[in-house]
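Working notes, structure below.
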Amino acid sequence: MEELPLLSNAGILYTESGIINMRTDSKEGECHMRKFTDHEKMLSAVICNGCGKSLKVENGVLKEGCFWGKQNFGYFSSMDGERHQFDLCEDCYRKLIGQFAVPVEKEEITELL
């Protein structure tokens, strides 16, 4: 499987072993991908970690497809004690899963909340 290069403006590296890096602000743990208004704590922006695209947010509601990944790494991991989280737009999600040796499991859902 061919490795994708570092996507510099998004700060995320895709490799055969998975996503291993995400960009953060100078304040430890503050991520670029989601922004909230200071006084209202309402979602104001979501940035795709894969391509840097701004996703549509209106009145605190994300108005387009987005994959949100979050993983807390524990014992037996080389990343023990780290939490990784990221957002991918639908195009970047399709690119990512297109590289999988084993396809993702899909099922149709008929009741959307």
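Along the sequence shown, residues carry numbers from 1.
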Q) Do any pairs count as a side chain to side chain donor-acceptor pair (under 3.5 Å) and have a residue in residues 51-60, sequence neighbours left out, and if so which ones? A) Lys53-Glu64, Lys56-Glu58
Q: Please report the closest heavy-atom contact between Cys48 and Cys51, naming both atoms and the distance.
A: SG-N, 3.5 Å
Q) What pair of heavy atoms forms the shortest contact from Val57 to Leu43, and how long is it? A)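 Looking at all heavy atoms of both residues, the shortest contact is CG1-O, 3.6 Å.
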Q) Does any N or O in the side chain of Asn49 come within less than 3.5 Å of the main-chain N or O of Asp87, such that one atom is a donor and the other an acceptor? A) yes
Q | Residues which pass side chain to side chain contact (heavy atoms under 4.5 Å, CB included) with Ile97, listed by chain and number, not counting sequence neighbours | A | Tyr93, Phe100, Val104
Q: Indicate yes or no: at least one non-hydrogen side-chain atom of Cys89 is less than 4.5 angstrom from one of Leu55.
A: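 Touching, per the 4.5 Å side-chain cut-off.
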Q: Measure the spacing between CZ of Phe86 and SG of Cys66 and express it to the nearest 0.5 Å.
A: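 One gets 10.0 Å once the value is rounded to the nearest 0.5 Å.
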List the atom pairs, with distances to 0.1 Å, where a side-chain N or O of residues 70-79 and a protein N or O form a donor-acceptor pair under 3.5 Å, not counting sequence neighbours.
{"unit_1": "Asn72", "atom_1": "OD1", "unit_2": "Arg83", "atom_2": "NE", "d": "2.6"}
{"unit_1": "Ser77", "atom_1": "OG", "unit_2": "Met79", "atom_2": "N", "d": "2.9"}

